[in-house]
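Only heavy atoms go into these numbers, but all of them, side chains included; no hydrogens, no water, no symmetry mates.
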Amino acid sequence: MTLYLPYLFALFAVLMLSWLAWRWPDRRRLVWRLLASAVAGVSLVLLLFPPTYQRALDPGTAILLTKGYTADTLENLLASLEPKPLVYTYQTEAQETSAIPDLYTFQQEQPQLKTVHVLGHGLTEQELQALQDIQVVPHLSGMPAGISSVTWPDAVVLGEVVTVAGQYTLSFGETSTLYLQAAGRAQDSVHFKKAGLHTFQLRYTPKQEGRYTYTLISKSGNSIDTLGQVPIQVYPAAKPAALLVSSFPLFEFKFLKNHLGQLQHKVALRSTVSKGMYQSEWLNMPQTDLSRITPRLLQQFDVVLMEPQALQELSSAERSTLQSAVTEDGLGVLTIAGEQLGNRTTAFFTNFQSRRLSQQDTRNAWANWATGAPTEAISVSPYTLVSSKAVTGLIAEQNNNLLAAGRRAGWGTVAISVVPQTFSWQLEGKQGTYASYWAHLLSSVAKREVQEKFWQVSKPQAPQVQQPLTLKLTDYTLTAASAIPSPTVRSTADTTRTGIALRQSPHQPEVYEGTFWPHCTGWHVVESPGVEPFYFLVQDSKAWPHQAIQAKREATLQFASQQQGIGVAQTTAHVAEQVPVIWFFLLFVLSSGFLWLEEKL
């Protein structure tokens, strides 16, 4: 009920009594008493019959507040929308709003709703399914302070460095330190002092094979928080079979042959003694004819190491065979160059851009091949290799120059090194440096093992308990008659197996995907016939809070972008709202108080 009469009566009484107080100064006290009495009476009537007013609103538009929304964003949005929409909250709290327990129920109760402005971090994919027929307009907040992104390798080879990299946002007036904890203690740390977005890298080199769980810890003041766990699987180092070919006996190849043989690599060495005469040696493999480079011979090896003169001495047929083995079979060829880097006849293997840095026959350089590892002094050729988009650096030196580099050639890799002698490290007792150098170089160039069937976690990056994760199976052996695989998942701490249903990708027939809901934390394994078991770690739901925020943001933005073609017609409605009675109560108290005080004076 809308009451205008009390307002008119109150206004008329105030004006009349004010006029009387001005006309009759000698009766001003009486007039003020009458004025206070009138105000008290009107206030009492308005308390008993509160007035209402009509407020325009848009029933087809609503504002939905989610976790992480800011009051300034809400205020600015309300100021820009006319007529005003209703404001709701979902899994968060705000004053003068209506809470929504379930989005499906919300849509059913608001059939006229056509547009929803989403504030905060957004909604998950499952929650957005309830808003399929509604235009979603995102007004999302930025990432909160703390970890905003983080990556790490799922698996490494023994001897490789595990690098945990990401971005960290620090609030103004705070300091924070990140620690990577492994093997029971902090292995690396980084300290942040200035507010803003920082990049970081934390490193650790595993000492043994197996599955390990490292921990990323944040310390701010006296507060220590565990951000999440870093699961790493460490596999044994590969042992590529190597063929060493030189135009004359080299100490470098002799030391390398013995070193690889001690590590149980298959190794063959061919050195030219005179024209048409060769010295051959074999370790950990049967003797075979090394006098000619043939396809049958190259099938026994993963990498071939040569020096430029030996490449030139090969017949054109042998070079063609070697080139075909690289491009078609994935063989790796590494040329160890000294003074001479190659010529036109060996261009396929040695055509790398170089620059001469010294007029002497040799120069000293500091070699580096492991991220974060110290550099090592070594005598190298007077040349340095120049990096480019097609070239990958394998061994680096100072001033961003390269001592060894490789490039893809078909299925294989060709590489060149300007470090002609590394056996000096062995003579100096630096066995670890020598082993690390050649393990890195050979693994970067050697033929890669092709996996025809393998599992992987499609999303999220870090699976969490009671949250869905997508497992993806890639099978390149798929045929039209292949049956859909029937995989099972189990926790390594339990024997109970859970089957998951797979669906085939319509765009990639070799890819199957299935959803799994883990019920406990810890390592899990997915198994299916003919495929190597795949292990993944399920973490607590509180781990990596940025992951859930990023997933909501991405899902909301993608959902909104797919709805850009939806047209929405604006409508206007009116709703009666009651004037707050607190104002009338205050007027009644003040006027009654004046009358009581006036009697006492």
Revision key, fill the gap. Salt bridge (Lys or Arg N to Asp or Glu O under 4.0 Å) filter on K266, not counting sequence neighbours, yields none

Review point. Can you find a heavy atom in the side chain of V267 that is under 4.5 Å from one in the side chain of M285?
Key: no

**Study point:** Over all atoms of both residues, closest heavy-atom pair of H265 and N284
**Key:** O-ND2, 2.7 Å

Review point. Do the side chain of H191 and the main chain of S189 share a donor and acceptor less than 3.5 angstrom apart?
Key: no

Review point. Y214 vs Y212 aromatic rings, parallel, tilted or perpendicular, using cut-offs 30° and 60°?
Key: parallel

Point to revise | Rounded distance [0.5 Å steps], CZ in F253 versus CG in N258 | key: 13.5 Å

Check your understanding: Do you know which of H259, E252, E376 makes side chain to side chain donor-acceptor pair (under 3.5 Å) with T422?
Key -> E252

Review point. E281 and K257: side-chain contact (heavy atoms from CB on, under 4.5 Å), yes or no, with the steps?
Key: CA-CA 9 Å; E281 298 179 59; K257 175 208 66 175; 2.5 Å; yes

Exercise for review: May I ask you to check whether F454 and F534 place their ring centres under 6.0 Å from each other?
Suggested key: no

Exercise for review: For residues L260 and L442, determine if any side-chain heavy atom of one lies less than 4.5 Å from a side-chain heavy atom of the other.
Suggested key: yes

Point to revise | Residue K542 excluded, over 12 heavy atoms near NZ under 6.0 Å | key: no

Practice item. Please list, chain by chain and in numerical order, all residues satisfying salt bridge (Lys or Arg N to Asp or Glu O under 4.0 Å) with E428, sequence neighbours excluded. Key: K430

Check your understanding: Ignoring hydrogens and geometry, is there a side-chain-to-backbone donor-acceptor pair from S491 to A493 under 3.5 Å?
Key -> yes

Exercise for review: Name all pairs fulfilling the side-chain hydrogen bond (donor to acceptor under 3.5 Å, both in side chains) condition that reach into residues 528-538, sequence neighbours left out, sorted by first residue then second.
Suggested key: W455-S528

Exercise for review: Measure up the Y437 and W425 rings against each other and bin them: parallel (under 30°), tilted (30 to 60°), perpendicular (over 60°).
Suggested key: perpendicular

**Study point:** Student check: side-chain heavy atoms of I147 and L216 closer than 4.5 Å
**Key:** yes

Point to revise | Ion pair E527/R490, N-O distance below 4.0 Å | key: yes

Check your understanding: Side-chain contact, heavy-atom cut-off 4.5 Å: F352 with S388?
Key -> no

Exercise for review: Measure across T350 and T346 and return the closest heavy-atom pair with its distance rounded to 0.1 Å.
Suggested key: OG1-O, 2.8 Å

Exercise for review: Verify whether the ring centers belonging to H198 and F192 lie closer than 6.0 Å.
Suggested key: yes

Practice item. Check whether any side-chain heavy atom of V156 lies under 4.5 Å from a side-chain heavy atom of P153, and answer yes or no. Key: yes

Study note, to complete from the structure: Separation between CD (Q426) and OG1 (T433), nearest 0.5 Å, reads 11.0 Å

**Study point:** Expected output: side-chain W282 to main-chain T288 donor-acceptor under 3.5 Å
**Key:** yes

Study note, to complete from the structure: dist S218:OG -> L227:CG (nearest 0.5 Å) comes out at 5.0 Å

Check your understanding: Is there side-chain contact between L357 and Y383, with heavy atoms separated by less than 4.5 Å?
Key -> no

Point to revise | Closest approach of L314 to M306 (non-hydrogen atoms, all atoms of both residues) | key: CD1-CE, 3.6 Å

Study note, to complete from the structure: CG of L305 to OG1 of T335, rounded to nearest 0.5 Å, is 8.5 Å

Practice item. Evaluate the side-chain proximity of W523 to R211: yes if any heavy-atom separation is below 4.5 Å, no if none is. Key: yes

Exercise for review: Using atom types as modelled and distance alone, determine if a side-chain donor or acceptor of Q464 lies under 3.5 Å from a backbone N or O of V538.
Suggested key: no

Check your understanding: S271 and S246: side-chain donor and acceptor closer than 3.5 Å?
Key -> yes

Practice item. Answer yes if the side chains of S148 and H546 hold a donor-acceptor pair under 3.5 Å, and no otherwise. Key: no

Review point. Once you round to the nearest 0.5 Å, how far does CD of Q279 lie from CG of L269?
Key: 7.0 Å

Review point. So, S505 versus Y512: side-chain donor-acceptor pair below 3.5 Å or not?
Key: no

**Study point:** V150 vs V164, side-chain contact (heavy atoms from CB on, under 4.5 Å): CA-CA, chis, key distance, verdict
**Key:** CA-CA 7 Å; V150 62; V164 180; 3.7 Å; yes

Exercise for review: Could you tell me which non-hydrogen atom of C520 sits nearest to which non-hydrogen atom of V465, and how far apart they are?
Suggested key: N-CG2, 3.6 Å

Practice item. Evaluate the side-chain proximity of V157 to S443: yes if any heavy-atom separation is below 4.5 Å, no if none is. Key: no

Exercise for review: Write down the atom of E328, the atom of W411, and the distance for their closest heavy-atom approach.
Suggested key: O-CD1, 3.7 Å

Review point. Is there a side chain to side chain donor-acceptor pair (under 3.5 Å) between T345 and Q312 once you walk through the steps?
Key: CA-CA 7 Å; T345 60; Q312 293 180 32; 5.4 Å; no

Review point. If you measure from the Lys or Arg side-chain nitrogens to the Asp or Glu carboxylate oxygens, is any gap between R319 and E313 under 4.0 Å?
Key: no

Practice item. Can you spot which of R408, K447, R407 makes a side chain to side chain donor-acceptor pair (under 3.5 Å) with T413? Key: R408

Point to revise | Under 3.5 Å side-chain donor-acceptor pair for S436 and W369 | key: yes

Point to revise | Audit row: V418, L385, side-chain contact (heavy atoms from CB on, under 4.5 Å) steps and yes/no | key: CA-CA 8 Å; V418 295; L385 301 174; 4.2 Å; yes

Exercise for review: Verify whether one side chain among T384 and R355 offers a donor that lies under 3.5 Å from an acceptor in the other.
Suggested key: no

Review point. Quick one: NZ on K459 to CG on L469, what's the gap to the nearest 0.5 Å?
Key: 11.0 Å

Revision key, fill the gap. Nearest heavy-atom contact between A242 and L244 is CB-CD1, 3.9 Å

